[in-house]
Amino acid sequence: MTALSPLAKPSSGTPIALQSALRWSEYLTRRLQAQPGLQTFVEALAAAPVDRQVIEQQFQELAGAPTETVLDPETAKRVLRQLRERIFCALMVRDIGGLAPLEEVTQGVTALAELAVATAYRTIMAELIRTHGTPRDPATGAPQEMIIIGMGKLGGGELNVSSDIDLVMLYGEEGETEGPRKLSHHEFYGRLTQRMMPILADNDIHGYVFRTDLRLRPDGDGGPLAWSLEALEHYLLRQGREWERYAWLKARALPARAFPDSQLEEQWQQMESLRIPFVYRKYFDFDAIAALRALRERIGNDWNRRAHARNGIEASHNIKLGDGGIREIEFVVQLAQLMRGGRQPTLQERNLLLALQAEQDAGVIPAEESLQLAQAYRFLRRTEHMLQYRADEQTHLLPADPERLHQLAAAMGMEAADFEATLARHRANVTRIFQDVFHLTGISRTITPGNDSDNPDDGPDVHETLEALAKQHFPTQADSLLQRIRAMLGGHRMRSLPALSRERVERLLPAVLETAARTDAPHDAAVRLLDLIEHISQRSAYLALLAEYPEILTRVARIVGASPWAAQYLTQHPLLLDGLIDWQTLAEPLDVQQLAQQLHSELDACLLPDGTPDIERQMNLMRDTQRQASFQLLTQDLEGTLSVEALADQLSSLADALLNETIHRIWPMVKRGSPLQQPRFAVIAYGKLGGKELGYTSDLDLVFIYEDPDDNAAEQYARLGRRMTSWLTTMTSSGRLYDVDLRLRPDGDAGLLAVSYDAFARYQRDHAWLWEHQALTRARFAAGDTSLGERFEALRREILLRPRDPQVLAAEVRAMRQRISDGHPNPTPLFDIKHDRGGMVDIEFITQYLVLRHACEHPALLDNLGNIALLRIAGELGLLPPELARQAGDAYRVMRRVQHNLRMRGDEKARLPADQMASERAAAEQLWQFIFGPERP
């Protein structure tokens, strides 16, 4: 270690933190030796956190002017270098002294970089304007700024202490400056970029500010120094590569402004509208994963070659690029962002630690792995800073010399053995997580890059292979299957595919036949798989997913083979294929409350570049979430692990959650411009949702009520009801959320869309038909204001507790049952499980009759528990023979299950030969006769 001069040697009067820094940093020693007055500044700055305000104060002291002042180039160079020296030394002292957390250091260096870039920008802009005039937006005439994009750690607000800064320079519109020596905007901003670089990067007697790298711009070193937003858009759409998505993930516009009246914010928003869809895709992107894996391996291999060629140091010495290093942590976090950020906006964080926390909150990375990665990242980044404090070098190499390693440990506040053990533990954790990263983010095995480049001519002809497989596995149906395949391959959709996608399809087809043959319905599975592949053929990522992952193809085959309805659902919503990646998660019980909380956060994060809600994206996200949750339930349903009752409960709870979220999203639009209070509004569910018997495609029977003294309440809540209905039913690119039926509101289609509670109560008390009270037996509060929901439930009890004339009640129920029967004629000899005599409607009407007839004497019947539970209670109360109540309840359960299975089979009507349901039908008939007698209208 370099000996300290008497000036720099720690003394009894030197603060302990500064003493520790001087023992480790040769750079600090040299600077204090060269500049006797610097120590005073460093000691003063190191006494408190170094933040943006402190940095700006130091700039003003050095420049003798506010930070917005335009300096001449030489003054700017001097001031920025002296500022960087003070801030670097102060952060070093605080960091080595254990006084500064990682965020203070990285945010402090980032703030310094932003100030330096802004100062250089204003300096050169003023100089060029004097010669060439002001660049202006041709459309508005406003001065046009350069948009300076910070990439990498600068974009993420997490620069290291001796970091390069990666910049991309953009501008809004093409045009010319307005001065006597005009320049095109293309030339002007290119020259501006070029002249800024010496102010930042030249190394002179005062040192440098930041080494600056412009190679992440489009076309790299071969491209222009500054790009218009239009040129950037064309580049990203036509030439943007997968690794550039990785690079642009952290991209952020820096707060550098030269004109107070410019429209810089609008240009930032335009840039973001290009960046976000380029980086974050709605669909799972297998190609991106393969490209990123190849990129990571290439970086590691390049490092190994350079290191061995230079001095034989192995990658294990490099805490950034080596095994278990910083780059692997970044890869794990950013892979999950690229995979899922398009559908989960909360993951679109630039800062690594914030992104890691968002992934943990979203359930993408388990809490234990998230904690291990965060701890490792903090330890490795602090170690990285210590290495760079030593000589102010951009290094990530651990010392090979044992004595130097001991000094490094001391700078970290640790013993050497403890430091090495801690470092080894963190790197081992990172290595383990990185090696399992594809499973962690949803894929069960690592990707082997380059499969798509295999020569398809190396193996046997695909048509010969398909013919052999069809004859082997489908001997009696081989011709029809081969004809279907030929039709698919010869169709316009396949002929229009890129060569790579067509090769993927052809390579996938033999696996389709072999996989289908292993299912319980081989021919059906094969045909449905072919339909699915033809439908998704223009999405190469899904073709790659099925081609590269046999286990996912096997799962798809099981699903489509088990149910034509499920096959159709998957074909209509191929986005759901992503869910098959993590089969274990699909098998877990659906936690609707957790899903609702995460959805709420994701919807909050769906913002347009100007910060307002992105309505279309929010609507699509809700639809995608509903599909994914339903698909999770569907897989459990097909596996036989979920009963029909449990399925209906879960689907109903999911609908309730989505209704609540819909109110939350729409109310601010209704109350725009007014103080935003919570809406005094409730959604009342009737029918299947009211009885918690919802199916996958059931309509929602809803009534909207409100209770608000506001003079405009009727208009506001009618508007809320209209917008809610539109939000739920509008067909977007992700489909429709739910079909909604509002005809059960007072006065039906002629009534108000949203009715006040008082009006609803008057109607129910004085004007409602008996069938509307029948419907009320299955009604419940589903979403909205809970206090209003409680008032509805009290009103429901009041209405259902009314004494009724048994004969009048029976006659009206029987008459309504006949109208239902007349409205659903069955001309076939088959038994319609729902509508025919002895079917489900009979049991439902009897249950409703029992509630209306006996609730006044037996309030236990009031609870909305479902038909089976209410029949059981009626038996226990002596209203029915207990055995008959049990048989009828069992019959209803069987009917629901059979109806569900028939619909999963794709049957439009739930009908089957009568003898297959003879005992269940007999139980329903016996129940009807016990209540109403043998005669029917």
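Position 1 is the first residue of the sequence, and the numbers go up from there.
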Of all residues at least two apart in sequence or in a different chain, which pass the salt bridge (Lys or Arg N to Asp or Glu O under 4.0 Å) check with [X]?
X: E790; result: none
X: E798; result: R765
X: E793; result: none
X: D637; result: none

Task: Non-neighbouring partners of H573 that pass ring-ring contact (aromatic ring centres under 6.0 Å, His included), sequence neighbours left out - done: Y569
- [ ] Mind jotting down which residue pairs meet the side chain to side chain donor-acceptor pair (under 3.5 Å) criterion with at least one end in residues 648-660? Sequence neighbours excluded, please.
- [x] D656-R780
Open item on the list: Restricting to side chain to side chain contact (heavy atoms under 4.5 Å, CB included), what partner residues turn up for R723, sequence neighbours left out?
Closed with: I666, M669, V670, R719
- [ ] Enumerate the residue pairs fulfilling ring-ring contact (aromatic ring centres under 6.0 Å, His included) with a member in residues 683-716, sequence neighbours excluded, ordered by first and then second residue.
- [x] W565-Y696, F681-F704, Y696-H900, Y706-Y717
TODO: Using side-chain hydrogen bond (donor to acceptor under 3.5 Å, both in side chains) as the criterion, list what pairs up with R802, not counting sequence neighbours.
DONE: none
Task: Pairing residues for T729 by the side-chain hydrogen bond (donor to acceptor under 3.5 Å, both in side chains) criterion, not counting sequence neighbours - done: none
Donor-acceptor pairs under 3.5 angstrom involving side-chain atoms of residues 592-600: please list them, not counting sequence neighbours.
from	atom 1	to	atom 2	distance (Å)
Q598	NE2	T346	OG1	3.4
Q598	NE2	E602	OE2	2.5
H600	ND1	E661	OE1	3.1
H600	ND1	E661	OE2	3.2
H600	ND1	R665	NH2	3.4

List the atom pairs, with distances to 0.1 Å, where a side-chain N or O of residues 845-859 and a protein N or O form a donor-acceptor pair under 3.5 Å, not counting sequence neighbours.
from	atom 1	to	atom 2	distance (Å)
T847	OG1	I843	O	2.8
T847	OG1	N867	OD1	3.4
Q848	OE1	Q774	NE2	2.8

- [ ] In plain terms, say whether K688 and D701 are close enough for a salt bridge, that is, a side-chain N and a carboxylate O under 4.0 Å apart.
- [x] no
